[in-house]
> 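Below: one structure in structure tokens.
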Amino acid sequence: MRIEQDLKLGFKDVLFRPKRSTLKSRSQVELTRDFTFKHSGRQWAGVPIIAANMDSVGSFEMAASLAKHGVMTAVHKHYTVADWAEFVKNNDTSVLNNAMVSTGTSEADFQKTKDIMALTDDLIFICIDIANGYSEHLVEYVEKVRTEFPDKVISAGNVVTGDMVEELILAGADIVKVGIGPGSVCTTRVKTGVGYPQLSAIIECADAAHGLGGRIIGDGGCSCAGDVSKAFGGGADFVMLGGMLAGHEESNGEIIEKDGQTFMKFYGMSSQSAMDKHSGGVAKYRAAEGKTVLLPYRGPVDNTIQDIMGGVRSTCTYVGAAQLKELTKRATFIRVQEQENNVYGKE
């Protein structure tokens, strides 16, 4: 047993220090980024925000809506091949180019991924997603998927340390998903005692990935637009959002009427709700590691994504970054004890 004494930080622990800026308006800030991915050689341009592959967030409807803003959606893995065939038939290239095909690591998952990817060449992203990215099985599975799909962009995770980021990139991942426990409906940290403060995880994992020519997704922990900016400032190439995009018309969550108000159910993918729905309940050898909550119904996602993007543009103007890719270089974080004045409640 050993104890690391180094300081580790979450989003709540820091604020950006403002710096002189020549920008007159947030409209001058360019949020689009251009990436060429290490193994696939694929090029992609867009706003590097991703709707999470949760079945009450990452729907086909969400993919279609967010693609209009150049934003990506990791489509959840519970759609059938037939569902995908219908989706592919009714969507244009820009939507499909911004959709990630999510998968687990079983033999059945592998076959299903092959069947989905065979539907069209316009699907270019595969998201291999398991809760514990430290399993050697994940490394082997990434190698297998890379061999099968040499020209597709492969994301794999989740991990929180540089050593595992490097191993996954060397195994064939173009992008590594970073985050264990920070999500709004994740209870991994209290059920298992495992986790890592998300900003420090991003900073350390980005450093490891970029040294090898790979990329990372900061997945989880964002509760406001400022947190999204902090993730980008810490070095995340992409930021994945679950709770911030839940509760919308396109989220495909279950709608519930209660006391004259409309709510939408939102839950973690390791929660009792998710396992009852997709796995016939919680297996005897494991515990549920997610919450189920009711969110006030928020209507179409357009206003929310524009608000998030507006917040990130504003961050960039405060630190003098004309492009999102400059934000990390322009970022100086200061440690704080409080984020906001809550005398009249939280924003």
Side-chain angles (χ1 to χ4, degrees), residues 10-12 49-59 61-62 66 72-79 100 102 104 127 129-133 157-160 177-199 201-202 217-228 230-231 236 238-256 258 261-279 281-283 286-299 301 304-305 308 346-347:
F11 297 133
K12 71 179 185 340
I49 295 171
I50 308 172
N53 49 333
M54 309 169 80
D55 65 6
S56 45
V57 179
S59 68
E61 293 84 354
M62 185 68 77
L66 293 185
M72 295 182 70
T73 298
V75 178
H76 69 73
K77 64 184 179 184
H78 299 292
Y79 285 117
M100 304 179 92
S102 300
C127 180
D129 186 50
I130 63 175
N132 179 7
N158 280 32
V159 301
V160 287
K177 198 140 74 74
V178 173
I180 292 179
S184 58
V185 286
C186 180
T187 59
T188 293
R189 291 178 179 176
V190 291
K191 280 293 176 75
T192 70
V194 176
Y196 210 97
Q198 184 68 353
L199 180 60
I202 286 171
I217 298 169
D219 175 20
C222 293
S223 60
C224 57
D227 291 343
V228 178
K230 290 171 190 176
F238 298 86
V239 178
M240 183 170 271
L241 304 177
M244 289 182 71
L245 297 178
H248 292 91
E249 185 181 301
E250 299 86 350
S251 304
N252 251 12
E254 180 186 344
I255 292 178
I256 292 170
K258 188 177 179 183
Q261 292 181 286
T262 305
F263 297 90
M264 187 175 280
K265 191 182 276 191
F266 175 52
Y267 48 82
M269 295 310 291
S270 291
S271 66
Q272 176 89 44
S273 296
M275 286 190 271
D276 285 348
K277 184 174 180 180
H278 302 296
S279 310
V282 182
R286 63 178 297 176
E289 292 177 26
K291 301 174 192 171
T292 299
V293 297
L294 292 180
L295 303 179
Y297 179 66
R298 299 163 72 188
V301 77
T304 298
I305 196 66
I308 293 167
K346 288 186 74 67
E347 168 61 29

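We number each residue from 1, following the sequence as shown.
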> Do you know the tightest heavy-atom contact between Gly220 and Phe11?
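In this case the closest contact between Gly220 and Phe11 is O-CE1, 3.9 Å.
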
> Restricting to non-hydrogen atoms, name the atom on Thr292 and the atom on Lys265 that form the minimum distance, rounded to 0.1 Å.
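Looks like CG2-CG, 3.8 Å.
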
> In terms of the angle between their ring planes, are His76 and His78 parallel, tilted or perpendicular, with boundaries placed at 30° and 60°?
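Ring orientation, 0 to 90° scale: tilted.
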
> Nearest 0.5 angstrom please: Asn252 CG to Glu61 CD, how far?
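It is 4.0 Å, given to the nearest 0.5 Å.
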
> Atom NZ of Lys177 and atom CG of Asn53: how far apart are they, to the nearest 0.5 Å?
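Result: 5.0 Å between the selected atoms.
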
> Begin with the C-alpha distance, continue with both residues' side-chain angles, and end with the deciding distance and a verdict on side-chain contact (heavy atoms from CB on, under 4.5 Å) for Thr304 and Met244.
CA-CA 8 Å; Thr304 298; Met244 289 182 71; 5.6 Å; no

> Please answer whether the main-chain N or O of Ala51 pairs with a side-chain N or O of Thr73 as donor and acceptor at a distance below 3.5 Å.
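Checking the backbone N and O of Ala51 against the side chain of Thr73, no donor-acceptor pair under 3.5 Å is found.
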
> Just verifying a value: how many Å separate Leu294 CG and Met264 CE, rounded to the nearest 0.5 Å?
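It is 11.0 Å, given to the nearest 0.5 Å.
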
> What closest approach, in Å, do Gly253 and Ser56 show between heavy atoms, and which atom pair accounts for it?
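Nearest pair, atom of Gly253 first, then Ser56: CA-CB, 4.2 Å.
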
> Can you list the steps and then say if Cys222 with Gln198 is a side-chain contact (heavy atoms from CB on, under 4.5 Å)?
CA-CA 9 Å; Cys222 293; Gln198 184 68 353; over 6 Å; no

> Could you give me the CA-CA distance, side-chain angles and deciding distance for Leu245 and Leu66, then say whether side-chain contact (heavy atoms from CB on, under 4.5 Å) is met?
CA-CA 10 Å; Leu245 297 178; Leu66 293 185; 4.1 Å; yes

> Check each of Val194, Ile202, Ile180 against Val160 using the side-chain contact (heavy atoms from CB on, under 4.5 Å) test, and report the only one that passes.
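Single side-chain contact (heavy atoms from CB on, under 4.5 Å) partner of Val160 among Val194, Ile202, Ile180: Ile180.
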
> Give the intermediate values and the outcome of side-chain contact (heavy atoms from CB on, under 4.5 Å) for residues Phe266 and Ser251.
CA-CA 9 Å; Phe266 175 52; Ser251 304; over 6 Å; no

> To the nearest 0.5 angstrom, please state how far the CD1 atom of Ile217 sits from the CG atom of Asn158.
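The distance works out to 8.5 Å.
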
> Looking only at heavy atoms, what is the nearest atom pair of Asp219 and Pro182, with distance?
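For Asp219 versus Pro182, the nearest heavy atoms are O-CG, 3.8 Å.
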
> For the OG atom of Ser223 and the CG atom of Leu241, what is their distance to the nearest 0.5 Å?
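If we round to the nearest 0.5 Å, Ser223:OG and Leu241:CG are 10.5 Å apart.
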
> If you compare all heavy atoms of Ile308 against all heavy atoms of Ile49, which two are closest, and at what distance to 0.1 Å?
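Looking at all heavy atoms of both residues, the closest pair is CG2-CD1, 4.1 Å.
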
> Between Lys77 and Asp129, which heavy-atom pair has the shortest distance, and what is it?
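Minimum heavy-atom separation between Lys77 and Asp129: NZ-O, 4.3 Å.
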
> Counting N and O atoms only, with roles assigned by atom type, does the side chain of Ser102 sit under 3.5 Å from a partner on the main chain of Val75, one being a donor and the other an acceptor?
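Here the side-chain-to-backbone pair exists.
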
